[in-house]
There are 2 protein chains.
Amino acid sequence: MTAPAEPRICSIARTLEVVGEKWALLAVREVFLGNRRFDEMVRRTGAPRDTLTARLRTLVDAGILQRQRYSDRPQRFEYHLTAAGRDLYPVILTLLRWGDEHLAGPEGPPLVLEHACGHRLLAEVTCQACGEVVDPAETTRRSPTSS
Amino acid sequence: MTAPAEPRICSIARTLEVVGEKWALLAVREVFLGNRRFDEMVRRTGAPRDTLTARLRTLVDAGILQRQRYSDRPQRFEYHLTAAGRDLYPVILTLLRWGDEHLAGPEGPPLVLEHACGHRLLAEVTCQACGEVVDPAETTRRSPTSS
DNA sequence: TACCGTGCGTCCAGAATCCGAACTCACCCC
DNA sequence: GGGGTGAGTTCGGATTCTGGACGCACGGTA
């Protein structure tokens with residue numbers, strides 16, 4: 001008999017369900033960069049208009065973006081980040097950082113972020129409790145209160 | 001005349017090209033959790049065997065995983081993280097954290113990580129230069145040395 | 001009034017992917 | 001020989017993605 005499938009119940013999986021479709025995070029990136037209108041997003045992400053329409057809908061439904069009317073006639077909408085959407089910033093940042101480190105061409109990373117401190121933004125994940133940089137080797141998992 | 005498409009050259013986009021396909025990050029998650037064999041991954045991710053085969057190949061080609069033989073006859077392989085793969089830990093962590101915060105049911109987050117410091121791991125992105133927690137409102141972008 | 005441009009989509013048909021179930025192949029153990 | 005396991009491959013059908021063309025409501029301008 002073959003072992004039964006036991007897909008993990010997992011926040012990573014759940015998050016990817018919402019945000020893991022192609023173009024979804026690029027749409028969010030554009031909003032972070034201040035491009036809130038449909039055509040601009042199409043232009044700067046390269047996504048097919050159709051697909052972007054679908055993605056934006058998913059993101060709005062998931063409570064990551066908010067559709068705001070900025071013109072009545074004709075009806076025109078902008079996409080704004082909700083609080084949940086803003087919380088995706090660390091995800092975007094860590095993706096950016098990984099790409100900068102592992103996929104940058106010889107001309108260096110294409111999009112450079114500056115932190116308010118004046119330096120180039122170098123993002124790292126730290127443990128909120130002790131403040132130390134997180135090393136996978138130093139984490140263990142615990143079963144949740146298995147109710 | 002319609003404005004020309006100008007997809008951003010962007011590390012986020014590049015990273016997603018490699019790691020943004022469905023199941024890719026879940027496969028990486030499994031390796032982080034210590035499940036290095038094909039059948040285990042199929043079981044715990046829920047991905048179709050077919051798709052997982054393709055994903056693993058992509059990840060190996062991208063230098064994120066490494067295929068190591070652990071038995072000669074029959075030939076059997078395990079997937080291990082490379083240095084680049086280990087660098088994906090922050091991405092996984094921030095996804096996990098977002099899901100914990102925004103998609104957890106009433107029974108709390110399903111998979112709890114503990115940091116070596118003894119506390120529940122609470123990952124946050126900080127600026128490496130000044131040590132402060134990164135707030136999107138406090139970052140600006142600079143064009144790279146436009147060579 | 002007629003025409004042009006723009007913003008924001010929708011429609012369509014074909015291509016690419018994904019899916020689950022069944023199959024293969026090479027072993028090992030009894 | 002019979003059963004079990006690990007690691008895929010094969011298959012046809014279901015979804016999803018894609019790009020290009022089209023629709024519609026305007027606003028400007030002539």
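Note: hydrogens, waters and symmetry copies are ignored here, and every other heavy atom, side chains too, is used. Keep in mind it's a predicted model, so treat the numbers as computed, not measured. Protein chains get the first letters and strands the later ones, always in sequence-line order, with residue 1 at the start of each.
Contacts classified as salt bridge (Lys or Arg N to Asp or Glu O under 4.0 Å) and involving residues 123-132 of chain B (residues at least two apart or in different chains) are given here: B:Arg97-B:Glu124.
Contact detail for B:Thr45 and B:Ala27: the closest heavy-atom pair is CG2-N, 4.3 Å.
Protein atom CE of B:Met41 is 9 Å distant from nucleotide atom P of D:dA7, rounded to whole Å. To the nearest angstrom, C1' of C:dG20 lies 17 Å from CZ of B:Arg43. Look at CZ on B:Arg69: it is 13 Å from P on D:dA7, rounded to the nearest Å.
Checking D:dT10, C:dC12, D:dG8 against every side-chain atom of A:Asp50, the shortest atom distance belongs to C:dC12.
Applying the salt bridge (Lys or Arg N to Asp or Glu O under 4.0 Å) rule to A:Glu138 yields no partners; only residues at least two apart in sequence or on another chain are considered. Judged as a side-chain hydrogen bond (donor to acceptor under 3.5 Å, both in side chains), and not counting sequence neighbours, the contacts of B:Arg49 are B:Asp39. In this structure, the side-chain hydrogen bond (donor to acceptor under 3.5 Å, both in side chains) partners of B:Thr139, at least two apart in sequence or on a different chain, are A:Tyr89. A:Arg67 pairs by the side-chain hydrogen bond (donor to acceptor under 3.5 Å, both in side chains) definition with A:Tyr79, not counting sequence neighbours. For B:Arg37, the salt bridge (Lys or Arg N to Asp or Glu O under 4.0 Å) partners are B:Glu78, not counting sequence neighbours. Scanning for ring pair (Phe, Tyr, Trp, His ring centres under 6.0 Å) contacts around A:His102 gives A:Trp98, with sequence neighbours left out. Residues that satisfy the side-chain hydrogen bond (donor to acceptor under 3.5 Å, both in side chains) test with A:Glu30, not counting sequence neighbours, are A:Asn35, B:Arg8.
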Which pairs of donor and acceptor atoms, one on a side chain in residues 54-62 of chain A, lie under 3.5 Å apart (sequence neighbours left out)?
unit_1	atom_1	unit_2	atom_2	d
A:Arg55	NE	A:Lys22	O	3.0
A:Thr58	OG1	A:Ala54	O	2.9

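Contacts of residues 20-39 of chain B with DNA chain C (heavy atom under 4.0 Å): B:Lys22, B:Trp23. For DNA chain C, the neighbouring residues in residues 51-66 of chain B, judged by any heavy atom under 4.0 Å, are B:Thr51, B:Arg55.
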Exercise for the section: Give the C-alpha distance, both sets of side-chain angles, the deciding distance and a yes or no for side-chain contact (heavy atoms from CB on, under 4.5 Å) between B:Val28 and B:Leu81. Expected result: CA-CA 8 Å; B:Val28 174; B:Leu81 290 162; 4.2 Å; yes
Practice task
Can you check each nucleotide of nucleotides 23-30 of chain C against protein heavy atoms at under 4.0 Å and return B for base, S for sugar-phosphate only, - for none, in 5' to 3' order?
Solution key: ---BS---
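An OP1 or OP2 oxygen of D:dG6 is reached within less than 4.0 angstrom by no side-chain nitrogen or oxygen of B:Tyr79.
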